[in-house]
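Heads up, the thing below is written out as C-alpha coordinates.
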Amino acid sequence: MTRHFVAIGPAQRKCGVVAANYREFLKKCRKKFNLKPQLHNKVMSYLQEPVSSKQAATLLEVIAKNTYDSIAQTSKDNDPEWFKGLDTRFKTKEAVMRNSAETRMRSYLQHTEGELLAKNLPPDSPQKNAILFFKEKLHKSKYNASYFDRSAVLETERLCDSHGTFECEGPYNQPKCPGIHYINPYASREARIVFSTWNFDHVIEKSRSIIPELKAALSGQRASSVNLPYFYDLLFLHKNPSRAALKTNGNLKLVHIACHVKKPHECQCKSEKIFLDQRNDIDGPSPQQDTKPKQQRVKRPQPNSCTSQEGSKKLHRSIDCWVQNDNR
(Lines give C-alpha, C1' and ligand atoms only; values in the text may rest on other atoms or scores of the structure.)
Protein backbone atom coordinates (compact mmCIF):
# COMPACT_ATOMS: atom_id res chain seq x y z
CA MET A 1 0.00 0.00 0.00
CA THR A 2 1.44 3.35 -1.06
CA ARG A 3 1.46 6.37 1.24
CA HIS A 4 2.09 10.05 0.65
CA PHE A 5 4.78 11.86 2.64
CA VAL A 6 6.40 15.27 2.64
CA ALA A 7 10.20 14.96 2.60
CA ILE A 8 12.43 17.86 3.66
CA GLY A 9 15.77 18.13 1.90
CA PRO A 10 18.69 20.57 1.98
CA ALA A 11 17.85 24.23 2.58
CA GLN A 12 14.48 23.09 4.01
CA ARG A 13 13.23 22.27 0.55
CA LYS A 14 9.99 20.31 0.78
CA CYS A 15 8.88 17.72 -1.69
CA GLY A 16 6.02 15.22 -1.82
CA VAL A 17 7.00 11.56 -1.96
CA VAL A 18 4.70 8.62 -2.60
CA ALA A 19 6.24 5.34 -1.49
CA ALA A 20 5.20 1.87 -0.45
CA ASN A 21 8.47 0.87 1.18
CA TYR A 22 11.82 2.16 2.31
CA ARG A 23 13.71 1.33 -0.87
CA GLU A 24 11.22 3.21 -3.00
CA PHE A 25 11.20 6.15 -0.60
CA LEU A 26 15.01 6.35 -0.56
CA LYS A 27 15.26 6.07 -4.33
CA LYS A 28 12.78 8.89 -4.92
CA CYS A 29 14.40 11.15 -2.30
CA ARG A 30 17.81 10.69 -3.91
CA LYS A 31 16.38 11.57 -7.30
CA LYS A 32 14.34 14.59 -6.19
CA PHE A 33 17.10 16.13 -4.07
CA ASN A 34 19.98 14.92 -6.25
CA LEU A 35 21.65 13.30 -3.22
CA LYS A 36 23.59 10.14 -2.44
CA PRO A 37 22.97 10.04 1.38
CA GLN A 38 23.52 7.28 3.91
CA LEU A 39 20.04 7.59 5.39
CA HIS A 40 19.84 4.30 7.25
CA ASN A 41 21.91 5.35 10.26
CA LYS A 42 19.99 8.62 10.53
CA VAL A 43 16.69 6.80 10.37
CA MET A 44 17.86 4.37 13.03
CA SER A 45 18.61 7.28 15.37
CA TYR A 46 15.13 8.69 14.80
CA LEU A 47 13.62 5.34 15.69
CA GLN A 48 15.16 5.63 19.15
CA GLU A 49 13.43 8.91 20.05
CA PRO A 50 9.81 9.82 20.85
CA VAL A 51 7.98 11.09 17.78
CA SER A 52 5.18 13.64 18.17
CA SER A 53 4.20 13.92 14.51
CA LYS A 54 1.70 11.28 13.41
CA GLN A 55 2.96 11.51 9.85
CA ALA A 56 6.56 11.06 10.96
CA ALA A 57 5.56 8.07 13.06
CA THR A 58 3.87 6.45 10.09
CA LEU A 59 6.90 7.08 7.88
CA LEU A 60 9.30 5.62 10.41
CA GLU A 61 7.12 2.55 10.79
CA VAL A 62 7.22 1.97 7.02
CA ILE A 63 10.97 2.48 6.97
CA ALA A 64 11.56 0.21 9.96
CA LYS A 65 9.73 -2.65 8.28
CA ASN A 66 11.24 -2.18 4.84
CA THR A 67 14.91 -1.26 5.23
CA TYR A 68 17.79 -2.92 3.47
CA ASP A 69 17.48 -5.63 0.86
CA SER A 70 19.68 -7.63 3.21
CA ILE A 71 16.74 -8.17 5.58
CA ALA A 72 15.65 -11.13 3.51
CA GLN A 73 19.18 -12.59 3.55
CA THR A 74 19.75 -15.11 6.29
CA SER A 75 23.10 -16.83 5.75
CA LYS A 76 26.61 -15.62 6.43
CA ASP A 77 27.58 -16.22 2.81
CA ASN A 78 24.91 -13.83 1.53
CA ASP A 79 25.41 -11.04 4.10
CA PRO A 80 28.94 -11.31 5.55
CA GLU A 81 28.92 -7.69 6.79
CA TRP A 82 26.14 -8.49 9.26
CA PHE A 83 28.27 -11.18 10.94
CA LYS A 84 31.38 -9.06 11.55
CA GLY A 85 32.60 -9.35 15.14
CA LEU A 86 30.56 -12.48 15.90
CA ASP A 87 31.67 -15.98 16.78
CA THR A 88 32.51 -17.88 13.61
CA ARG A 89 30.31 -20.81 14.64
CA PHE A 90 27.19 -18.84 13.70
CA LYS A 91 26.12 -19.41 10.08
CA THR A 92 22.68 -17.75 10.06
CA LYS A 93 21.17 -14.57 11.47
CA GLU A 94 18.47 -16.60 13.21
CA ALA A 95 21.11 -18.60 15.09
CA VAL A 96 22.72 -15.39 16.31
CA MET A 97 19.43 -13.96 17.50
CA ARG A 98 18.43 -17.19 19.23
CA ASN A 99 21.72 -17.15 21.07
CA SER A 100 21.08 -13.54 22.09
CA ALA A 101 17.74 -14.43 23.70
CA GLU A 102 19.20 -17.53 25.35
CA THR A 103 22.08 -15.51 26.79
CA ARG A 104 19.67 -13.13 28.48
CA MET A 105 17.74 -16.00 30.08
CA ARG A 106 20.95 -17.59 31.29
CA SER A 107 22.00 -14.31 32.90
CA TYR A 108 18.71 -14.17 34.85
CA LEU A 109 19.24 -17.76 35.97
CA GLN A 110 22.81 -17.03 37.02
CA HIS A 111 21.73 -14.00 39.03
CA THR A 112 18.97 -15.99 40.74
CA GLU A 113 21.35 -18.84 41.51
CA GLY A 114 23.88 -16.45 43.02
CA GLU A 115 21.25 -14.94 45.30
CA LEU A 116 19.70 -18.21 46.46
CA LEU A 117 22.60 -20.59 46.90
CA ALA A 118 24.59 -19.97 50.04
CA LYS A 119 27.65 -22.01 50.92
CA ASN A 120 27.35 -25.48 52.45
CA LEU A 121 23.70 -26.04 51.50
CA PRO A 122 22.74 -29.74 51.50
CA PRO A 123 22.08 -31.29 48.08
CA ASP A 124 18.36 -31.64 48.75
CA SER A 125 17.87 -28.12 50.09
CA PRO A 126 14.79 -26.18 48.88
CA GLN A 127 17.08 -23.58 47.31
CA LYS A 128 18.98 -26.12 45.20
CA ASN A 129 15.76 -27.87 44.24
CA ALA A 130 14.37 -24.53 43.05
CA ILE A 131 17.39 -23.82 40.85
CA LEU A 132 17.21 -27.36 39.46
CA PHE A 133 13.53 -26.80 38.64
CA PHE A 134 14.32 -23.56 36.79
CA LYS A 135 17.17 -25.17 34.86
CA GLU A 136 15.08 -28.11 33.75
CA LYS A 137 12.18 -25.91 32.68
CA LEU A 138 14.49 -23.53 30.77
CA HIS A 139 16.20 -26.46 29.08
CA LYS A 140 12.82 -27.80 28.00
CA SER A 141 11.87 -24.43 26.50
CA LYS A 142 15.34 -24.10 24.90
CA TYR A 143 15.93 -21.06 27.08
CA ASN A 144 13.14 -19.16 25.27
CA ALA A 145 15.53 -18.64 22.37
CA SER A 146 12.56 -18.34 19.99
CA TYR A 147 11.75 -14.90 21.42
CA PHE A 148 14.23 -13.31 18.99
CA ASP A 149 13.93 -15.86 16.18
CA ARG A 150 11.89 -14.53 13.25
CA SER A 151 11.70 -18.04 11.79
CA ALA A 152 9.75 -19.41 14.75
CA VAL A 153 6.54 -20.83 13.30
CA LEU A 154 4.17 -19.79 16.10
CA GLU A 155 3.71 -16.06 16.56
CA THR A 156 3.30 -16.58 20.30
CA GLU A 157 6.86 -17.94 20.42
CA ARG A 158 8.54 -14.87 18.90
CA LEU A 159 8.44 -11.18 19.76
CA CYS A 160 9.00 -9.95 16.20
CA ASP A 161 7.16 -10.31 12.93
CA SER A 162 8.26 -12.74 10.24
CA HIS A 163 10.65 -10.11 8.81
CA GLY A 164 12.39 -9.61 12.16
CA THR A 165 10.93 -6.22 13.17
CA PHE A 166 10.54 -5.62 16.89
CA GLU A 167 8.33 -2.98 18.46
CA CYS A 168 8.95 -1.53 21.92
CA GLU A 169 6.23 -2.66 24.33
CA GLY A 170 6.42 0.49 26.43
CA PRO A 171 7.15 1.16 30.11
CA TYR A 172 6.11 -1.46 32.66
CA ASN A 173 3.08 0.59 33.76
CA GLN A 174 1.79 1.56 30.30
CA PRO A 175 -0.07 -0.59 27.74
CA LYS A 176 2.09 0.53 24.80
CA CYS A 177 5.13 2.57 23.82
CA PRO A 178 4.48 6.35 23.97
CA GLY A 179 6.98 6.89 21.15
CA ILE A 180 7.64 4.98 17.96
CA HIS A 181 10.44 2.61 18.89
CA TYR A 182 10.87 0.06 16.11
CA ILE A 183 13.96 -1.87 15.13
CA ASN A 184 14.94 -4.73 12.86
CA PRO A 185 18.25 -6.25 14.00
CA TYR A 186 18.19 -8.52 10.93
CA ALA A 187 18.57 -5.48 8.65
CA SER A 188 22.20 -4.51 9.26
CA ARG A 189 25.14 -4.94 11.58
CA GLU A 190 24.45 -1.48 13.05
CA ALA A 191 20.83 -2.39 13.78
CA ARG A 192 21.94 -5.64 15.43
CA ILE A 193 24.29 -3.72 17.72
CA VAL A 194 21.64 -1.14 18.60
CA PHE A 195 19.18 -3.92 19.44
CA SER A 196 21.58 -5.19 22.10
CA THR A 197 20.70 -2.05 24.10
CA TRP A 198 17.01 -3.02 24.20
CA ASN A 199 16.09 -4.65 27.50
CA PHE A 200 13.68 -7.10 29.04
CA ASP A 201 11.97 -5.14 31.80
CA HIS A 202 10.52 -7.21 34.65
CA VAL A 203 7.13 -5.64 35.49
CA ILE A 204 7.44 -7.13 38.97
CA GLU A 205 11.09 -6.40 39.57
CA LYS A 206 13.56 -9.26 39.67
CA SER A 207 16.01 -7.82 42.19
CA ARG A 208 13.66 -5.79 44.38
CA SER A 209 10.67 -8.12 44.58
CA ILE A 210 10.85 -11.56 42.94
CA ILE A 211 14.14 -12.89 44.29
CA PRO A 212 13.68 -11.52 47.84
CA GLU A 213 10.19 -13.08 48.02
CA LEU A 214 11.48 -16.38 46.64
CA LYS A 215 14.46 -16.39 48.98
CA ALA A 216 12.28 -15.75 52.03
CA ALA A 217 9.75 -18.42 51.02
CA LEU A 218 12.44 -21.06 50.49
CA SER A 219 13.95 -20.29 53.88
CA GLY A 220 10.68 -20.56 55.79
CA GLN A 221 8.65 -23.41 57.26
CA ARG A 222 6.60 -23.78 54.07
CA ALA A 223 9.61 -24.23 51.79
CA SER A 224 8.27 -27.49 50.37
CA SER A 225 5.10 -25.70 49.24
CA VAL A 226 6.69 -22.81 47.32
CA ASN A 227 4.98 -22.26 43.97
CA LEU A 228 8.05 -22.60 41.75
CA PRO A 229 6.13 -22.41 38.42
CA TYR A 230 4.83 -18.99 39.48
CA PHE A 231 8.34 -17.70 40.18
CA TYR A 232 9.63 -19.23 36.95
CA ASP A 233 7.04 -17.28 34.98
CA LEU A 234 7.96 -14.05 36.75
CA LEU A 235 11.66 -14.50 36.09
CA PHE A 236 11.75 -15.90 32.55
CA LEU A 237 8.41 -15.64 30.74
CA HIS A 238 7.32 -12.85 28.40
CA LYS A 239 4.16 -10.97 29.32
CA ASN A 240 2.19 -11.95 26.23
CA PRO A 241 -1.56 -11.15 26.34
CA SER A 242 -2.24 -14.10 24.04
CA ARG A 243 -1.05 -16.43 26.82
CA ALA A 244 -3.80 -15.28 29.19
CA ALA A 245 -5.89 -18.36 28.38
CA LEU A 246 -2.97 -20.57 29.43
CA LYS A 247 -3.11 -19.05 32.95
CA THR A 248 0.57 -18.19 32.96
CA ASN A 249 2.14 -15.26 34.80
CA GLY A 250 4.42 -13.76 32.15
CA ASN A 251 6.30 -10.76 33.51
CA LEU A 252 8.80 -9.55 30.87
CA LYS A 253 8.32 -6.65 28.43
CA LEU A 254 10.79 -5.98 25.61
CA VAL A 255 11.54 -2.26 25.68
CA HIS A 256 13.80 0.35 24.16
CA ILE A 257 16.25 1.72 26.71
CA ALA A 258 14.27 5.00 26.92
CA CYS A 259 11.19 3.05 28.06
CA HIS A 260 13.06 0.98 30.65
CA VAL A 261 11.99 2.51 33.96
CA LYS A 262 14.82 2.11 36.46
CA LYS A 263 13.04 3.56 39.48
CA PRO A 264 11.21 1.14 41.84
CA HIS A 265 8.05 -0.39 40.40
CA GLU A 266 4.98 -0.50 42.61
CA CYS A 267 4.13 -4.03 41.38
CA GLN A 268 4.62 -6.85 43.88
CA CYS A 269 4.39 -10.64 43.89
CA LYS A 270 0.87 -11.89 44.57
CA SER A 271 0.87 -13.26 48.10
CA GLU A 272 -1.80 -15.84 47.29
CA LYS A 273 0.43 -17.37 44.60
CA ILE A 274 3.68 -17.67 46.54
CA PHE A 275 2.67 -21.06 47.98
CA LEU A 276 0.73 -23.93 46.47
CA ASP A 277 -2.69 -24.63 47.94
CA GLN A 278 -3.15 -27.67 50.17
CA ARG A 279 -4.59 -29.85 47.38
CA ASN A 280 -1.40 -29.45 45.33
CA ASP A 281 0.98 -29.72 48.27
CA ILE A 282 2.42 -33.21 47.86
CA ASP A 283 4.15 -33.00 51.22
CA GLY A 284 0.89 -32.40 53.07
CA PRO A 285 -0.05 -29.38 55.14
CA SER A 286 2.76 -27.20 56.37
CA PRO A 287 3.59 -26.81 60.07
CA GLN A 288 1.81 -23.45 60.04
CA GLN A 289 -1.44 -24.98 58.85
CA ASP A 290 -3.95 -25.95 61.56
CA THR A 291 -5.03 -29.57 61.05
CA LYS A 292 -7.59 -29.53 63.89
CA PRO A 293 -11.30 -29.40 63.00
CA LYS A 294 -12.41 -25.82 62.78
CA GLN A 295 -15.22 -24.44 64.88
CA GLN A 296 -17.95 -22.35 63.44
CA ARG A 297 -20.48 -20.18 65.09
CA VAL A 298 -24.05 -21.29 64.50
CA LYS A 299 -26.89 -18.92 65.21
CA ARG A 300 -30.12 -20.79 65.84
CA PRO A 301 -33.49 -19.23 65.02
CA GLN A 302 -35.43 -17.92 68.04
CA PRO A 303 -39.03 -19.20 68.38
CA ASN A 304 -41.91 -16.78 68.67
CA SER A 305 -42.55 -17.55 72.35
CA CYS A 306 -41.46 -19.72 75.29
CA THR A 307 -44.00 -21.67 77.37
CA SER A 308 -41.97 -21.68 80.56
CA GLN A 309 -39.04 -20.05 82.31
CA GLU A 310 -37.03 -23.30 82.08
CA GLY A 311 -37.65 -23.49 78.35
CA SER A 312 -36.50 -19.91 78.07
CA LYS A 313 -33.23 -20.71 79.85
CA LYS A 314 -32.55 -23.71 77.60
CA LEU A 315 -33.21 -21.63 74.54
CA HIS A 316 -30.95 -18.87 75.80
CA ARG A 317 -28.13 -21.35 76.26
CA SER A 318 -28.60 -22.72 72.75
CA ILE A 319 -28.44 -19.35 70.99
CA ASP A 320 -25.03 -18.27 69.70
CA CYS A 321 -23.44 -21.45 71.02
CA TRP A 322 -20.23 -22.96 69.68
CA VAL A 323 -20.54 -26.35 68.07
CA GLN A 324 -17.99 -28.77 66.75
CA ASN A 325 -17.79 -28.91 62.94
CA ASP A 326 -18.15 -32.63 62.26
CA ASN A 327 -19.37 -32.17 58.65
CA ARG A 328 -22.77 -33.58 59.43
Side-chain angles (χ1 to χ4, degrees), residues 7 17 19-31 33-49 59-108 110 138 141-155 157-169 180-200 238 254-258 260:
V17 177
N21 54 55
Y22 173 67
R23 292 186 296 275
E24 185 179 358
F25 173 80
L26 182 59
K27 181 179 179 180
K28 290 186 176 182
C29 283
R30 285 174 174 171
K31 183 176 180 180
F33 297 120
N34 193 27
L35 297 173
K36 296 182 178 179
Q38 296 295 327
L39 292 182
H40 184 266
N41 291 341
K42 192 68 174 178
V43 168
M44 290 302 300
S45 67
Y46 287 151
L47 289 173
Q48 313 309 313
E49 300 296 335
L59 173 61
L60 290 176
E61 180 180 356
V62 172
I63 294 173
K65 294 183 176 180
N66 299 277
T67 47
Y68 284 174
D69 292 335
S70 62
I71 283 182
Q73 304 299 331
T74 188
S75 71
K76 187 175 183 179
D77 293 336
N78 293 330
D79 192 2
E81 177 66 23
W82 194 92
F83 290 82
K84 283 187 176 179
L86 296 176
D87 193 311
T88 56
R89 63 190 172 97
F90 296 119
K91 305 302 180 184
T92 66
K93 294 179 180 180
E94 288 75 12
V96 173
M97 297 306 296
R98 288 182 65 86
N99 180 73
S100 177
E102 179 180 337
T103 298
R104 299 192 189 206
M105 297 298 142
R106 287 185 181 276
S107 70
Y108 300 154
Q110 185 177 10
L138 280 170
S141 70
K142 298 181 180 179
Y143 285 83
N144 297 326
S146 61
Y147 282 170
F148 293 171
D149 182 3
R150 66 180 178 180
S151 67
V153 177
L154 297 178
E155 292 185 4
E157 293 183 350
R158 50 180 163 85
L159 308 185
C160 60
D161 64 19
S162 59
H163 299 288
T165 300
F166 292 83
E167 180 180 359
C168 173
E169 297 176 317
I180 187 70
H181 299 146
Y182 286 92
I183 192 169
N184 191 325
Y186 289 86
S188 67
R189 178 173 176 268
E190 293 78 10
R192 172 174 60 77
I193 294 173
V194 171
F195 182 71
S196 66
T197 66
W198 284 46
N199 298 314
F200 272 126
H238 176 246
L254 182 65
V255 298
H256 176 267
I257 190 171
H260 192 179

*Measuring from K76:NZ to T92:OG1, what's the distance to the nearest 0.5 Å?*
11.0 Å

_Sidechain N-carboxylate O distance under 4.0 Å for E102, R106_ = yes

*Dump the intermediate steps for side-chain contact (heavy atoms from CB on, under 4.5 Å) on R158 and M97, then the final yes or no.*
CA-CA 11 Å; R158 50 180 163 85; M97 297 306 296; over 6 Å; no

*Go through the steps to decide whether H238 and N144 satisfy the test side-chain contact (heavy atoms from CB on, under 4.5 Å), and finish with yes or no.*
CA-CA 9 Å; H238 176 246; N144 297 326; over 6 Å; no

*Would a distance-only check, ignoring hydrogens and angles, find a side-chain to backbone donor-acceptor pair under 3.5 Å from S146 to A152?*
no

*Test item: H260 and V255 side chains (from C-beta on) under 4.5 Å apart, heavy atoms*: yes

*Heavy-atom check, side chain of D149 versus side chain of K142, under 4.5 Å*: no

*Taking atom CD of E167 and atom CG of D161, what is their separation to the nearest 0.5 Å?*
10.0 Å

*When rounded to the nearest 0.5 angstrom, what is the spacing between CH2 in W198 and OG in S196?*
12.0 Å

*Taking the side chain as every heavy atom from C-beta outward, state whether Y108 and L138 have any pair of such atoms under 4.5 Å apart.*
no

_Under 3.5 Å donor-acceptor, Y147 side chain and L254 backbone_ = no

*Distance from R98 atom CZ to Y143 atom OH, nearest 0.5 Å?*
13.5 Å

*Looking only at heavy atoms, what is the nearest atom pair of Y186 and G164, with distance?*
CD1-CA, 3.6 Å

*Measuring from I183:CD1 to H256:NE2, what's the distance to the nearest 0.5 Å?*
7.5 Å

*F83 vs K93 side-chain heavy atoms within contact, under 4.5 Å*: yes

*Within 45° of the axis and under 6.0 Å from the centre of the six-membered ring of F148, does NZ or CZ of R192 qualify?*
no

*Could you pull out the closest heavy-atom pair between A95 and F90, with the gap in Å?*
O-CE2, 3.9 Å

*Does any N or O in the side chain of W82 come within less than 3.5 Å of the main-chain N or O of T74, such that one atom is a donor and the other an acceptor?*
no

*Provide the closest heavy-atom pair for N199 versus R104 in the form atom of the first, atom of the second, distance.*
CA-NH1, 3.8 Å

_Exam field: side chain H163 to backbone T165, donor-acceptor pair closer than 3.5 Å_ = no

*About how many Å separate SG of C160 and CG of N184, when rounded to the nearest 0.5 Å?*
8.0 Å

